[in-house]
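Just so it is clear: chains get the letters A, B, ... in the order the sequence lines come, proteins before strands, and each one is counted from 1. Since the model is a prediction, treat every value here as computed from it, not as a measurement.
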There are 2 protein chains.
Amino acid sequence: MPSDHAALMAIGEAVTVRPGSKLFRQGDTGTHIYMVESGVVRISHDLPDGKRQVLAFRWAHDVFGMAPDGWYFNNADALDKGRIVRFHTEKLQGLLLARPHMQHRFLLKATAEISLQQHRIILMSKYDVVTKVVAFLLECCRKDQYFDSVTRILTLPMSRPDIADYMGVATESVSRALGVLERRKVIHRHDMHHLAIDLSRLRECARL
Amino acid sequence: MPSDHAALMAIGEAVTVRPGSKLFRQGDTGTHIYMVESGVVRISHDLPDGKRQVLAFRWAHDVFGMAPDGWYFNNADALDKGRIVRFHTEKLQGLLLARPHMQHRFLLKATAEISLQQHRIILMSKYDVVTKVVAFLLECCRKDQYFDSVTRILTLPMSRPDIADYMGVATESVSRALGVLERRKVIHRHDMHHLAIDLSRLRECARL
DNA sequence: CGTATGTTTGAGGATTATCAATGAAAGTGG
DNA sequence: CCACTTTCATTGATAATCCTCAAACATACG
């Protein structure tokens, strides 16, 4: 009996993506479940009035593309070049039903996701802009592939509007928050997508 | 082989609760998973500075009490008298592993929950106070046990601070929003916990 | 090299939180 | 059962945060 991982890969389809690749659009029929192997994917939702909410960034090992109603509620776009694996929903369901422990790992992943979203709701409704940006940076610094712990350089694959729409604030507010943090010597903007980070000071800024 | 439901009840423990009953506190070790049979449970989280976020109200058939890290992150309090069933986490896990289809229903419930929370994040970061209150009222009107569709009376088991902390606004803002809706003849406050609702007008108010 | 896109900074305005006061409801103990 | 206390709800005035608009600047792309 093949291992869970091998069985998954057997029904999976690997895709290499370039920055800007669209994985799916909101309204598309939800045929696949996706998992990130490398790179970053932006999950976003467009509103009737033209505003956009970024609901998540999905990094290595994250799952996305669940469509409980049969169609995708969100857009998924690659921000980086990377590798994504996707699974036909029915095939994955069959595999999960045949492998209870594997399904249980998915269930745990889902409950962990619920817990993370609860943290996010708290962050977005109770804290000011600077704190939100600090929390966002801390989140990014946990991704080894994007934060070099020796040089302390954080590479941000997303734009300022992406960050703003993720935290539910205006783009300009993100810029100003970064300005505040730079004046406090918590970060240093090397260029738009590369920040030098003083992790201990950054953690002090987070009164969570 | 007993049905899934019977098997669940066999390992479950029913509890009757009075208004104000504490089911668990944040920080308690997470020993049980809960399911509401009747009544309403408030899931909330206290912050260091004394502020509180209400993360969810759990109605009939809703599940709560998942503790991915082994301890509860939130408080759970009954708002109403009602019946709750709780399951030892390990026993439930054993049952789920033995019954893949039952586990799959839990997985679907979890992904549906993730989807609902995404709606909530959008609601809380993109809309104004009145729209938030409208969305909250519409959510409550879907609960047959609390909205009488012939008299059009909605019974709210929660207080204004509960609603405010749920939507991430100030208590006073909820009062003002209800005042606006009453002046627009969308609702009529019979008393604090009983609103007469004009559903079609309420739906018009929701530009979601 | 020019255009389009993304970023930063400033000024003004709008929404909502905070503070304060009043009134209503509910729970407590005599 | 009633006075008392406490909590909850509503309304008004003020203040703060953040969004919007606008311009200057930097960067990326054809």
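In this structure, the side chains of A/Val180 and A/Val129 stay at 4.5 Å or more apart for every pair of heavy atoms.
Summarising the geometry, the separation between CE on A/Met167 and P on D/dC18 is reported as 12 Å, rounded to the nearest angstrom. B/Asp162 places its CG atom 13 Å from the C1' atom of D/dA9, with the value rounded to the nearest Å. Note: NZ (B/Lys132) to P (C/dT16) measures 7 Å, nearest angstrom. To the nearest angstrom, C1' of C/dG6 lies 15 Å from CG of A/Leu79. When rounded to the nearest whole Å, the span between CE of A/Met158 and C1' of C/dT7 equals 16 Å. The nearest whole Å value for the distance from the CE atom in A/Met124 to the P atom in D/dT17 is 19 Å. Distance B/Arg18 CZ to C/dG27 P: 12 Å, rounded to the nearest Å. The distance from atom CG of B/Leu156 to atom P of D/dC8 is 15 Å, rounded to the nearest whole Å.
Only A/Arg176, listed by number, bring a heavy atom of residues 175-193 of chain A to less than 4.0 angstrom from any atom of DNA chain D.
Closest to the side chain of A/Asp128, out of C/dT7, C/dT18, D/dC18, is D/dC18. Residue A/Ala170 places its side chain closer to D/dT20 than to any other of D/dT20, C/dT8, C/dA17. Of the candidates D/dT10, D/dA9, D/dA22, the closest approach to any side-chain atom of B/Pro161 belongs to D/dA9. Comparing C/dT9, D/dA9, C/dT7 against the side chain of A/Glu172 picks out C/dT9 as the nearest.
Using a 4.0 Å heavy-atom criterion, one finds that B/Val174 contacts no nucleic acid atom at all.
Of the N and O atoms on the side chains of A/Gln53 and B/Ser125, at least one donor lies less than 3.5 Å from an acceptor on the other residue. Side chain to side chain, A/Ser44 and A/Asp46 fail the donor-acceptor criterion of an N or O pair below 3.5 Å.
Rounded to the nearest 0.5 Å, atoms CG (A/Leu55) and CG (A/Asn74) are 5.0 Å apart.
Between A/Arg105 and A/Asp4 there is a salt bridge, with a side-chain nitrogen of the basic residue lying less than 4.0 Å from a carboxylate oxygen of the acidic one. Salt-bridge check for B/Arg58 with B/Glu113: passed, with a basic side-chain N closer than 4.0 Å to an acidic carboxylate O.
Aromatic ring pairs are classed by plane angle as parallel below 30°, tilted from 30° to 60° and perpendicular above 60°; the pair B/Phe24 and B/Phe64 is tilted.
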